[in-house]
Amino acid sequence: MKKIMGLLLTTLLVMSLFVGCGSKEKDAEPTGGNDSNQSSSEKDQGNNGDNSADKPKVGVTIYKFDDNFMTYTRNAMTSAAEGNAELVMNDSQNNQSVQNDQVDVMINKGVKALVINLVDPGAAPTIADKAKAADIPLIFVNKEYPEGTDKIDYDKVWYVGTQSKESGDIQGKLVAEAWKAHPEWDRNGDGVMQYVMLMGEPGHPDAEARTKYSVEYIKNEGIKVEELEKQTGMWDATKGKELMTTWLGKEGDKIEMVLCNNDGMALGVVEALKADGYFSDGKYMPVVGVDAIPEALDLIQQDIMLGTVLNDPLNQGRVSIEMAINSAAGKDVLDGLDFSLDETKAVRIPYQPITKDNLDLAKKAYGME
Ligand code: GAL
Ligand code: CA
């Protein structure tokens, strides 16, 4: 009996192995090493085959999956592709050479268009050369080639993102108005705003512009400022918390304002402030970010964060996928879209100031209502 059962089990095991192999071959998706890959409409594979003509395979890379804001953008891409395209989604793990390999693999697999969220903004021409050699349209999203997409030597390349400077201006305006309305925030009464600045990735056009133009706007409003601390927190909540904890230890209550290049870092800052007794018993610190992610909206609702700047993930995700589908079909890249290209071949999705008065606007942009 034992022997028979053993034989039966072995046979089953061998059979399941064969089945496994077969389906693996059929569903094989490009992999760039140990990256994550997912296909949004595998159910169409293996039909009578002619469905794939209507649903082009679009290759996507995200600079890293583990990024608050890009996760919302990525989900918007997946929704936009539903029924319209088959997405091959890659996590580039914050490594440009991993991303380059992923692009090679996707091209070899026959994707009809590429949607690339770069790791290193300077790598845009390298990726464009690959797309050009294969004659595949290329849409960069969220991280812009600093010299301008129009400077890349390829006719089928475009960019979808924002006008980075706008987010700095809006954040600066929000801070300047609130500072003027709250003379008590100038704790040492010296008529100067002592602030700390948490920056995103160095070299990222959004990070550079937000750092520069927020402060420039505040100064142009006639407010005197003093920068106590400025460092990169790499868009990351944990790093934001670490930096703020260190600065609180060093500067103590000299700090009167916290400017963050994004909400992710602001969330970390708020944790550090809470651990230091802020946001209870009337102890307050104004903190601003950018993105308007749901966690930040919550903090604004609770009068903890002062405000943020909406960076619209639904539109950035949706427009990038629709442009990919259009260009893959040889149509005008903006066919059916309510957006236009600027002189640098970029679609600019507008930013919006967000405070407690207009949280609904941001909730909509994040698909929360
Ligand atoms: C910015 C966003 C950041 C981060 C970054 C990634 O636009 O504000 O939170 O997601 O993109 O490139
Ligand atoms: Ca002061």
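This chain uses plain numbering: 1 for the first residue, then up along the sequence. All ligand and atom numbering here is 1-based and tracks the order in the structure. What you see is a predicted model; the values in this text were computed from it and never measured.
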*Cationic tip of K345 within the cone over Y159's six-membered ring, i.e. under 6.0 Å and within 45° of the normal?*
no
*Scan side-chain atoms only and decide if Q316 and N311 contain a donor-acceptor pair under the 3.5 Å cut-off.*
yes
*Verify the distance criterion only: is there a donor paired with an acceptor across the side chains of Q96 and Q99 at less than 3.5 Å?*
yes
*asked:* Determine whether the aromatic ring centres of residues Y72 and Y366 are separated by less than 6.0 angstrom.
replied: yes
*Run the side chain to side chain contact (heavy atoms under 4.5 Å, CB included) check on K64 and D91 step by step: do they pass?*
CA-CA 5 Å; K64 58 171 189 168; D91 178 358; 4.1 Å; yes
*Ring-face cation of K173 near Y217 (centre distance under 6.0 Å, axis angle within 45°)*: no
Note every protein N or O atom lying under 3.5 Å from an N or O atom of ligand 1, pairing the names and giving the distance.
{"from": "ligand 1", "atom 1": "7 (O)", "to": "N142", "atom 2": "ND2", "distance (Å)": "3.0"}
{"from": "ligand 1", "atom 1": "7 (O)", "to": "D206", "atom 2": "OD2", "distance (Å)": "2.7"}
{"from": "ligand 1", "atom 1": "7 (O)", "to": "N311", "atom 2": "ND2", "distance (Å)": "3.1"}
{"from": "ligand 1", "atom 1": "8 (O)", "to": "R210", "atom 2": "NH1", "distance (Å)": "2.8"}
{"from": "ligand 1", "atom 1": "8 (O)", "to": "R210", "atom 2": "NH2", "distance (Å)": "3.3"}
{"from": "ligand 1", "atom 1": "8 (O)", "to": "D291", "atom 2": "OD1", "distance (Å)": "2.6"}
{"from": "ligand 1", "atom 1": "8 (O)", "to": "D291", "atom 2": "OD2", "distance (Å)": "3.4"}
{"from": "ligand 1", "atom 1": "8 (O)", "to": "N311", "atom 2": "ND2", "distance (Å)": "3.3"}
{"from": "ligand 1", "atom 1": "9 (O)", "to": "N262", "atom 2": "ND2", "distance (Å)": "2.9"}
{"from": "ligand 1", "atom 1": "9 (O)", "to": "D291", "atom 2": "OD2", "distance (Å)": "2.6"}
{"from": "ligand 1", "atom 1": "10 (O)", "to": "D67", "atom 2": "OD1", "distance (Å)": "2.8"}
{"from": "ligand 1", "atom 1": "10 (O)", "to": "D67", "atom 2": "OD2", "distance (Å)": "3.2"}
{"from": "ligand 1", "atom 1": "11 (O)", "to": "N142", "atom 2": "OD1", "distance (Å)": "3.3"}
{"from": "ligand 1", "atom 1": "11 (O)", "to": "N142", "atom 2": "ND2", "distance (Å)": "3.3"}
{"from": "ligand 1", "atom 1": "12 (O)", "to": "N142", "atom 2": "OD1", "distance (Å)": "2.8"}
{"from": "ligand 1", "atom 1": "12 (O)", "to": "H204", "atom 2": "NE2", "distance (Å)": "2.9"}

*Leaving waters out, which protein N, O or S atoms fall under 3.0 Å from the Ca ion (ligand 2)?*
D186 OD1, N188 OD1, D190 OD1, V192 O, Q194 OE1, E256 OE1, E256 OE2
*asked:* Quick check against the 3.5 Å criterion: does E86 have a side-chain atom that pairs as donor or acceptor with the backbone of K55?
replied: no
_Near-ring test W185/Y284, centroid separation under 6.0 angstrom_ = yes
*Assess K165 against Y213: is NZ or CZ under 6.0 Å from the centre of the six-membered ring, and within 45 degrees of the ring's axis?*
yes
